K.L.:
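For reference, the structure I am asking about is given below.
Nothing here was measured: the structure is a model prediction, and the numbers come from that model.
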Amino acid sequence: MANSKYEYVKLFEVDDEVMPPNLIVVRVEGLDFPRFSEVHGFVKPNDEKALELMNCCAIATMEMFSDVVFSYGFNDEYSFIFKKTSKFYQRRASKLYSLAVSFFTSVYITKWQEVFPHKHLIFPPSFRARVVCCASIEVLQAYLAWRQQFCHVNNLDNTCFWKLVECGKTDREAHDFLKVTEKKEKHELLFQKFNINYANLDAIFRQGSCILTTKVEDIVKYHEDGTPVKRLRRKATVIHSPNIAGRRFWNEHSILVKELGAFTTDIDKINPDYVRSFQVENKLMPSTWIVIRIDGCHFHRFSEVHVFEKPNDEHALNLMNSCAVAVMEKLPDLVFSYGVSDEYSFVLKKDSQIYGRRASEIVSIIVSLFSSLYVMKWSEFFPHKELKYPPSFDGRAVCYPSREILQDYLAWRQVDCHINNQYNTCFWELVKSGKSKSEAQAYLKGTQALEKERMLNLQFNILYNELPLMFRQGSSSFWEKEDVTAAVDKNPDDSEISKRKVVVVHSNIIEPSFWEEHPWILN
């Protein structure tokens, strides 16, 4: 396909490959989950069903991404460890954490009804994710020890806190009381006042959950003579251990030693600051326009499985637009978004300080929220189609230093929209007329835009320029202002109440006239 004069904007994309021999950990954690758990009535201090749901999501993630060989989770977080030789998406950090958090989020919603059959999902959950680069097996060991220690300390505190609240203390009183109590005193409090032996609480609460994958033989079919045909498949197993960073636990699992390395010593003292130093904190350049572009992962297959109309499915595009609007409404620092097919680009205002301008926070939260909305809104746009498997998206952040370059980026995406849509329209018309996919590709090879336009007109009686604007130009979403004059408290002086909403239009954003007519978007 032809290149456009706007493709220079790709030069602003920064490579974020995690170089070998660093071991890759992707940590996914709930965003504002105390509120989420309260709204959805989770049992305190631990909801076994909620933890079961988290484990289901982790198992599905490990089965989806075969390079993940071990995971550890508790409460609303999970850490996924990739094998040391992994070349998954060539080890690009943004790809790794965005895909992991997107898929995890989608599974969380698709599995919700199965785990909570009598609870309605009131609002979309979302997660954040980051990459931890462990420079050696010793760093990975320290990381796992740190997270399990955090699980124990956090659970002990929460168990004491909710017991104190149950017996009449306010939240503030319980917090203040526990702030000055030591670990031993908390154990004594639980035992003496509430008759709870902390050591007898369920292991899933105290120790968290580990998931290992092993290869097992599975019968896939039978020969005519009745003998089984077996194949090796990966199976994830959930286990609980008091010390996942200990040599005994780690080294007795051959897959961990083979794919990650052996632990040679036990850890006596945990230094959280040392482990935190290996967390990737990519702060984006100040005073630049931040664009977060998300793309559907393997959406060619997704659209085939879900029988999307070719070359464009209006319902699928409107679902994408609805998700984009909801993301913008949730994050008001987003001033503009542009979407086509299975991708969307979100523009943050130039002076935004959202999430400290940390790339992993911004990208993962937007990707997770978009995925969450996509699954939750599916039935609204496809009331007669079952969502057969969880969709996923990847994302990346790119900084553009000037308004002119930002507009060139958006122009590049719209040019791409036109090129792809014209090609796809021709391709699918040829396929519908009886050609095979390979014949259609060969037929279109080397053809120019005017030739394609003429072919559509003469062979299929289609005037390309009369196709719906959404197909040809994509969708632009931005904050519009609507001023409503209303009297307040019967005061003769009127007050101007500015009601803002996000609108979706299908316009030519390449021409300066669009930006001249909507000056407030980027000002």
K.L.:
Should Glu17 and Arg91 count as an ion pair when the cut-off is N to O under 4.0 Å?
P.N.:
no

K.L.:
Applying the side-chain contact (heavy atoms from CB on, under 4.5 Å) test to Phe80, which of Val25, Val28, Ile24 qualifies?
P.N.:
Val28

K.L.:
Between Arg35 and Glu38, is there a side-chain N and carboxylate O pair less than 4.0 Å apart?
P.N.:
no

K.L.:
Between Arg92 and Asp16, does at least one N-O distance fall below 4.0 Å, as a salt bridge requires?
P.N.:
no

K.L.:
Testing Trp250, Phe70, Phe278 for side-chain contact (heavy atoms from CB on, under 4.5 Å) with Leu140, which one passes?
P.N.:
Trp250

K.L.:
Could you list the residues that satisfy side chain to side chain contact (heavy atoms under 4.5 Å, CB included) with Lys193, not counting sequence neighbours?
P.N.:
Cys167, Leu189

K.L.:
Quick test of your reading of the model: are Glu29 and Arg130 salt-bridged, counting only N-O distances below 4.0 Å?
P.N.:
no

K.L.:
Please determine whether a side-chain nitrogen of the Lys or Arg among Glu166 and Lys163 lies less than 4.0 Å from a carboxylate oxygen of the Asp or Glu.
P.N.:
yes

K.L.:
Please list, one pair per line, the donor and acceptor atoms closer than 3.5 Å that link side chains of residues 286-296 to other protein atoms, with sequence neighbours excluded.
P.N.:
from   : atom 1 : to     : atom 2 : distance (Å)
Thr288 : OG1    : Met285 : O      : 2.7
Thr288 : OG1    : Arg357 : NH2    : 3.2
Arg293 : NH1    : Tyr409 : OH     : 3.4

K.L.:
Could you name each residue pair satisfying salt bridge (charged side-chain N to carboxylate O under 4.0 Å, His left out) that touches residues 64-74, not counting sequence neighbours?
P.N.:
Asp67-Lys83

K.L.:
Supply the atom-to-atom distance Glu13 CD to Tyr400 OH, rounded to the nearest 0.5 angstrom.
P.N.:
5.5 Å

K.L.:
Do you know which of Leu331, Val363, Asp333 makes side-chain contact (heavy atoms from CB on, under 4.5 Å) with Tyr355?
P.N.:
Leu331

